Novice: 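Structure provided below as structure tokens; questions to follow.
Throughout, a chain's letter reflects where its sequence line sits, starting with A, and its residues are numbered from 1. Just so we're clear, the structure is a prediction, and the values are computed from it rather than from any experiment.
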Amino acid sequence: MYPSDFYYSKDHEWVKIVGDTVVMGITDFAQKQLGDVVYIELPAVGADLSVHQTVGVVESVKAVSDIYSPISGQVTEVNAALNDTPETLNQDPHGKGWILRLTIKDKSELENLLSASEYEKFVEGLGA
Amino acid sequence: MSREPLIFEKSAPGKTAFKLPALDVPESPAGLNGLPLREEIAGFPQVSEIEVVRHFTRLSQTNFCIDTNFYPLGSCTMKYNPKINEKIAALNGFLASHPLAPAALVQGNLEVLKTLEDYLMEITGLDAFTLQPAAGAHGELTGMMLIRAYLSDRGEPRQVVLIPDSAHGTNPSSAHLCGYRVQEARSNESGTIDLAALESQMTEDVAALMITNPNTLGVFESDILRVAEIVHAKGGLVYMDGANMNALIGKFLPGDMGIDVLHLNLHKTFSTPHGSGGPGSGPVGVKSGLKPYLPVPVVEKTDGGWALDYDRPKSIGRVRSFHGNFLVMVKALAYILTLGAAGLKELAETAVLNANYIRKSLEGVYHLKYSSPTLHECVFSDKFQKEHGVQNIDIAKRLIDYGLHPPTMSFPLVVPGALMIEPTETESKRDLDEFIQAMKAIAREAAETPDIVKSAPHNSYVRRLDETAAARNPVLRWEEGE
Amino acid sequence: MSYVSLSDDDRKAMLSAVGIASVDELFCCIPDEIRVKRDLDLPAPMAEPELVRHFQGIAAKNKAPDTLSFLGAGAYPHCIPYVVDYLSARGEFISPYTPYQPEVSQGTLQITFEYQTLICQLTGLEIANASLYEGASAAAEAVLMAHRLKNKPKVLIAAAAHPDYRKVVGTYVKDLPVRVEEIGYGASGGLDLDDLERKIDSETSAIVCQSPNFFGIVENLDRIGELAHAHQALFVVVVAEAASLGILKSPGASGADIVAGEGQSFGLPLGFGGPYLGFMSCRKEFVRQFPGRIAGETKDIEGRRGFVLTLSTREQHIRREKATSNICSNQAWCALRAAIFLETLGREGLRQMAFQNIQKANYALDRLSEIPGLRRKFAGPVFNEFVVEFGGRWPEVESALLKQGVVAGLGLAPYYPRLEDCALVCVTETHQKEDIDKLAGLVKEALR
């Protein structure tokens, strides 16, 4: 269910390392909790982010959720396609529903994140 | 039932529904000189009177309403709206008075304002009222501004307001509009304010605690005196959201609970009609220390009769034009005069009895997260039904098939899958039993034939609507050529 | 008499079902200190016939309805077709709640959708909400919205905008990082464009002006809009007299980005100031910062058209402290009345009503200007209100006419000290020619 090569945060974001950058998104658990996504507010390219800073907002019909950055870095790319088809976040949260790309400032921050199995346990513990 | 088109779809040039008398002054071309005139309003309706009457009559018949259906919306107090109050508010003496008419010409109106203020003071035990706010949320904003003015005048504006996570969304929203930072006041396992947490959270940077009592779970904050003590000890004030006054009226006084500021909802506790979403009226009551800051104008007695006082240097100013939702106040005043002290007491007792009757009848059928005693409303959840894949929204939609308006859903946030039920005091036992039977039937259906619940409603004018599409591709008006 | 519906047997059965002997046991959780110890000191309950007599007595103390009044200033006497009262009184309109369960609220939602469309058509903008409380707080919401969009600290507001609207804007922004500066008015009574050019800069979020303004003058919106946009500021137009939209060029067509105003002229009685009807509209691109409820069109699972409240994540019940506004209950029933009014008057009726307002106001202005000692104060074009200067004798005129049962206008001294000798006179289609002649006659008499 949760790709083993991703890292996860307790706020239900995932990051995937691609060379010197990471790709970031929200997890399947998060999209299920939200329901049908209707809108996403994306950050500007070039924005500098620190760990746990709000990078954007995801809206469903009945809920709103802040997206937090799991690591620090600078935004190099955002998935603008989500503006037209926000439903991609529901359909493919770990793939085509990626949200943004960041340069990595400090690789050691990844150690604070969870592995796939740790995240799965964490989600189970939430008893949803 | 056949679909009623949009009025624009029935419109065609040449049809009229209303005629004005002919112009009786000489027509002057100079009058239009220099005025930027519009082109004809594209697509504006042109229909006949019978088309207007049929249009609105048919549309009205697709609404559930208190006059036809049980409407147990928790936190909304959907009680019966007395019809005589409509007639009284339509007396020409009230209807035809201009808000800026000289005070000598509107003594009746000023008397209505002052009398209502006096009665609300008596009912709440607070020292003064403003009737200006147009709704509960407007009252909250006004109340928070009063608190800010009071504290700023003492040289300590403070930055933070404490609000329980069970609070109505207007509470943090209003506090924020006032420039405050909101911090969550933690609840304990009974669903009430955690005193120990409050003691640690209450600092000299906290301006106020906003509290609803009974809270949105219908539970009375029995530690309220201690809560108020903790807040006052550090120089803060206690704001009470009076939306749940229906449980207390005639029996308990917020003024004695340590409340400094509160708002009431005339369109809840005081029976004025909800009107499909307003107009309401949100009077704000204060302890005497806050009187100087009340919005202007204030009604006062002078030798010449009632007058409006605008000369109040410490006032927070105006929160709206004119004097408030006056005609709504007339209805509330008529209601108080109809009930009297005994009637208000009976109201609260019956509201609480009706709600507890429902609670007792549905305990075990639906999950009750908090076991604390509740007053005029109770909050169940969909936990049992979720085991069959049925959620609160499905239960709500299935109630529609039984001819009942659903309870409030998904609020308060502390109860996942919430169903907040407030019957009010005006429901008969027969109607309460009908609701209870329907809820039991739906619980059975959820276990045995969940699909019929999940695909409800089946019999309504429209079935379940695609709210996702509405939000993803908003169509917010009719356009010509569609 | 409290409108409860339980018989004695019902009560017994219910107490038994709950397992208690009396209702008092349900209130045991409440400390004794806060119990009402004595009965509330309120009058004895009144039976319906007594209640009616009582209120007839109070209403009779109001002499205002029997006077011939020329008051406007944000509350306007207009014809209200009887069907507005007749239809809006239906229990299905007056007794439901906010349409959170759309399947059983299509009447309310479709009418809201129609109302939104009508406001868009009248104001010339693309999106409208389901209503706000009234004109002044609507103007304040518009200022807050403009500030959220532009995030610049300064907002310029016309001094000729309604004084109470400006006060309410001031109250709303007091605790926020927004600075309000006023733009003066010129000899014509309209906004002073030179003053505007001097004061507008890159720190300005918005320019707010009212048209027709408080003096009744119709503003040169095109030019003001140009200046606003040249400085990347938003152009907010406030409309206190909605009837003017029936004939005047729409604010949207003149470059407005946001329009906010008072809809009382659309089928609501004067009612001593409330309930009234705040309306607001804006350009499509601003929708996510737009306050208030909005109804949208969609389909149900069988493909039928239906309407729902939408874009709710802007609102307090979801976004809580980050909401675009704290508004919950609005003025839905007043918006319903406005929809019935507008659909009944129709395009031609609304235009005819506006036309008559202009003609009658100009007739009154002509008659009054003939009187020695009086003069028209401002040269700008008017809709249905105008300012007259009384040569120092306004107080005399006012009291002389009051004695004759006429409220001649609103003295401006409390609002504009420089205009203490002036009064604002309002004439609508409800004034007959003989009413205007009577006014002129009595004023002339008083000044002799």
Novice: For C/Arg90, which atoms come within 4.5 Å of any heavy atom of chain B: side chain, backbone, both, or neither?
Specialist: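 Looking at C/Arg90, just its side chain touches chain B.
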Novice: Where does B/Ala471 contact chain C at under 4.5 Å (heavy atoms): side chain, backbone, both or neither?
Specialist: both
Novice: Measure B/Glu427 against the heavy atoms of chain C and call it side chain, backbone, both or neither at under 4.5 Å.
Specialist: backbone
Novice: Which bit of C/Leu402 is near chain B, if near means a heavy-atom gap under 4.5 Å: side chain, backbone, both or neither?
Specialist: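 Side chain only.
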Novice: Are any non-hydrogen side-chain atoms of B/Val52 and C/Leu87 less than 4.5 angstrom apart?
Specialist: yes
Novice: Side chains of B/Pro279 and C/Tyr276: does their closest heavy-atom pair fall under 4.5 Å?
Specialist: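 Not touching, per the 4.5 Å side-chain cut-off.
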Novice: So do the side chains of B/Lys345 and C/Leu40 get within less than 4.5 Å of each other, counting heavy atoms only?
Specialist: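 No, side chains not in contact.
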Novice: Considering only heavy atoms and a distance below 4.5 Å, find which of C/Leu71, C/Leu311, C/Val308, C/Val218 pairs most often with chain B.
Specialist: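 The residue among C/Leu71, C/Leu311, C/Val308, C/Val218 with the greatest pair count is C/Leu71.
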Novice: Among B/Glu425, B/Glu349, B/Met145, B/Lys251, which residue forms the greatest number of heavy-atom pairs with chain C at distances under 4.5 Å?
Specialist: B/Lys251
Novice: List the steps, then state whether side chain to side chain contact (heavy atoms under 4.5 Å, CB included) holds for B/Leu375 with C/Ile30.
Specialist: CA-CA 10 Å; B/Leu375 291 172; C/Ile30 304 185; 4.2 Å; yes
Novice: B/Ile400 versus chain C, heavy atoms under 4.5 Å apart: side chain, backbone, both or neither?
Specialist: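 For B/Ile400, the side chain is the part near chain C, not the backbone.
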Novice: Of all of C/Asp85, C/Leu118, C/Asp39, which one pairs up most often with chain B through heavy atoms under 4.5 Å apart?
Specialist: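 Of the options given, most contacts go to C/Leu118.
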Novice: Which bit of C/Gln432 is near chain B, if near means a heavy-atom gap under 4.5 Å: side chain, backbone, both or neither?
Specialist: both
Novice: Could you have a look at C/Ala89, C/Ser2, C/Ser250, C/Gly346 and say which one has the most heavy-atom pairs with chain B under 4.5 angstrom?
Specialist: C/Ser2
Novice: What part of B/Lys360 gets within 4.5 angstrom of chain C, counting heavy atoms only: side chain, backbone, both, or neither?
Specialist: side chain
Novice: Taking the side chain as C-beta and beyond, is there a heavy-atom pair between B/Trp478 and C/Cys120 under 4.5 Å?
Specialist: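 They are not in side-chain contact.
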Novice: Step by step, would you call B/Asn63 with C/Thr108 a side chain to side chain donor-acceptor pair (under 3.5 Å)?
Specialist: CA-CA 7 Å; B/Asn63 277 353; C/Thr108 300; 2.9 Å; yes
Novice: Could you tell me which non-hydrogen atom of B/Phe252 sits nearest to which non-hydrogen atom of C/Val36, and how far apart they are?
Specialist: N-CG2, 3.5 Å
Novice: Taking every non-hydrogen pair under 4.5 Å, which of B/Gly317, B/Gly324, B/Ala90 racks up the most with chain C?
Specialist: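 Looking at each option in turn, the highest pair count goes to B/Gly324.
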Novice: Can you tell me which portion of B/Arg320 sits under 4.5 Å from chain C's heavy atoms? Options are side chain, backbone, both or neither.
Specialist: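 Contact with chain C: backbone and side chain both.
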Novice: Mind checking whether B/His274 and C/Tyr97 have parallel, tilted or perpendicular rings, split at 30° and 60°?
Specialist: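 Ring orientation, 0 to 90° scale: perpendicular.
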Novice: List the steps, then state whether side chain to side chain contact (heavy atoms under 4.5 Å, CB included) holds for B/Leu465 with C/Gln106.
Specialist: CA-CA 11 Å; B/Leu465 291 155; C/Gln106 286 300 293; 3.6 Å; yes
Novice: Considering only heavy atoms, which portion of C/Ala253 lies under 4.5 Å from any heavy atom of chain B: side chain, backbone, both, or neither?
Specialist: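 Interface part for C/Ala253: neither.
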Novice: If we define contacts as heavy-atom pairs under 4.5 Å, which of C/Lys167, C/Gln121, C/Lys433 has the most with chain B?
Specialist: C/Gln121
Novice: Could you look at C/Leu221 and say if it's the side chain, the backbone, both or neither that has a heavy atom under 4.5 Å from chain B?
Specialist: neither
Novice: Under 4.5 Å, counting heavy-atom pairs only, tell me which of C/Gln352, C/Glu262, C/Glu92 racks up the most with chain B.
Specialist: C/Glu92
Novice: What part of C/Phe355 is in contact with chain B, defined as an atom under 4.5 angstrom from a non-hydrogen atom: side chain, backbone, both or neither?
Specialist: side chain
Novice: Apply the test salt bridge (Lys or Arg N to Asp or Glu O under 4.0 Å) to residues B/Asp24 and C/Lys360: give CA-CA distance (whole Å), side-chain angles for both, the deciding distance (0.1 Å), then the verdict.
Specialist: CA-CA 8 Å; B/Asp24 60 357; C/Lys360 297 201 190 206; 3.1 Å; yes
Novice: Of the backbone (N, CA, C, O) and the side chain (C-beta and beyond), which part of B/Tyr310 lies under 4.5 Å from a heavy atom of chain C, both, or neither?
Specialist: neither
Novice: Only pairs of heavy atoms separated by less than 4.5 Å count here; which of B/His55, B/His405, B/Glu111, B/Glu49 has the most with chain C?
Specialist: B/His55
Novice: Report which part of B/Thr68 has an atom under 4.5 Å of a heavy atom belonging to chain C: side chain, backbone, both, or neither.
Specialist: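 Neither part.
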Novice: Check step by step if side chain to side chain contact (heavy atoms under 4.5 Å, CB included) holds for B/Asn354 and C/Val4.
Specialist: CA-CA 10 Å; B/Asn354 283 358; C/Val4 300; over 6 Å; no
Novice: What residue, out of C/Leu15, C/Asn362, C/Val83, C/Ile58, has the most heavy-atom pairs lying under 4.5 Å from chain B?
Specialist: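 Max contact count across the listed options: C/Ile58.
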Novice: Would you say the side chain of C/Arg305 lies within less than 4.5 Å of the side chain of B/Arg3, judging by non-hydrogen atoms?
Specialist: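 The answer is no, as the side chains (C-beta and beyond) never meet within the 4.5 Å cut-off.
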Novice: Against chain C, label B/Lys397 side chain, backbone, both or neither, depending on which of its atoms sit under 4.5 Å from a heavy atom there.
Specialist: side chain
Novice: Under 4.5 Å heavy-atom distance to chain C, tell me which part of B/Ile88 shows up: side chain, backbone, both or neither.
Specialist: side chain
Novice: Under a 4.5 Å heavy-atom cutoff, which of B/Gly340, B/Gly343, B/Ser361 has the most pairs with chain C?
Specialist: B/Gly340
Novice: Classify the ring geometry of C/His162 against B/Phe322: parallel below 30°, tilted from 30° to 60°, perpendicular beyond 60°.
Specialist: perpendicular
Novice: Checking B/Ile336 against chain C: side chain, backbone, both or neither under 4.5 Å from a heavy atom?
Specialist: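 Looking at B/Ile336, just its side chain touches chain C.
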Novice: Go through the side-chain N and O atoms of C/Thr298 and B/Asp466 and say whether any donor and acceptor fall under 3.5 Å apart.
Specialist: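 No pair is found: no donor N or O on one side chain lies under 3.5 Å from an acceptor on the other.
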Novice: For B/Glu86, is it the side chain, the backbone, both, or neither that has a heavy atom closer than 4.5 Å to a heavy atom of chain C?
Specialist: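 Contact with chain C involves the side chain of B/Glu86 alone.
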Novice: Is the terminal nitrogen or CZ of B/Lys79 (NZ for Lys, CZ for Arg) located under 6.0 angstrom from the six-membered ring centre of C/Tyr3 and within 45° of that ring's axis?
Specialist: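 Negative - B/Lys79 is either too far from the ring of C/Tyr3 or too far off its axis.
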Novice: Would the number of heavy atoms belonging to other residues, nucleotides or ligands and lying under 6.0 Å from NZ of B/Lys15 be above 12?
Specialist: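 Count over threshold, so yes.
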Novice: Should B/Phe94 and C/Phe272 be marked as a side chain to side chain contact (heavy atoms under 4.5 Å, CB included) after you check the CA-CA gap, both sets of side-chain angles, and the distance that decides it?
Specialist: CA-CA 7 Å; B/Phe94 298 134; C/Phe272 200 52; over 6 Å; no
Novice: At a heavy-atom separation under 4.5 Å, does C/Gln359 approach chain B through its side chain, its backbone, both, or neither?
Specialist: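 C/Gln359 touches chain B through backbone and side-chain heavy atoms alike.
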Novice: Select, from B/Glu467, B/Gln107, B/Glu40, the one with the greatest count of heavy-atom pairs under 4.5 Å involving chain C.
Specialist: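 Option with the top pair count is B/Glu40.
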Novice: In terms of heavy-atom proximity below 4.5 Å to chain C, should B/Leu100 be classed as side chain, backbone, both, or neither?
Specialist: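 Contact with chain C: backbone and side chain both.
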Novice: Check each atom of B/Pro295 against the heavy atoms of chain C and say whether the ones under 4.5 Å are side chain, backbone, both or neither.
Specialist: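 When you check distances to chain C, no heavy atom of B/Pro295 falls under 4.5 Å.
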Novice: List the steps, then state whether salt bridge (Lys or Arg N to Asp or Glu O under 4.0 Å) holds for C/Arg11 with B/Glu346.
Specialist: CA-CA 12 Å; C/Arg11 263 179 222 280; B/Glu346 186 184 23; 3.4 Å; yes
Novice: So what's closer than 4.5 Å to chain C heavy atoms on B/Cys76: side chain, backbone, both or neither?
Specialist: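 The side chain, not the backbone.
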Novice: Given a strict heavy-atom distance threshold of 4.5 Å, which part of C/Glu429 is in contact with chain B: side chain, backbone, both, or neither?
Specialist: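 When you check distances to chain B, only side chain atoms of C/Glu429 fall under 4.5 Å.
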Novice: Indicate the atoms forming the closest heavy-atom contact of B/Ala396 with C/Gln101, along with that distance.
Specialist: CB-NE2, 4.1 Å
Novice: Which region of C/Ala17, side chain (C-beta onward) or backbone (N, CA, C, O), has a non-hydrogen atom less than 4.5 Å from a non-hydrogen atom of chain B, or is it both or neither?
Specialist: both
Novice: Do B/Ser28 and C/Tyr363 touch side chain to side chain, with heavy atoms closer than 4.5 Å?
Specialist: no
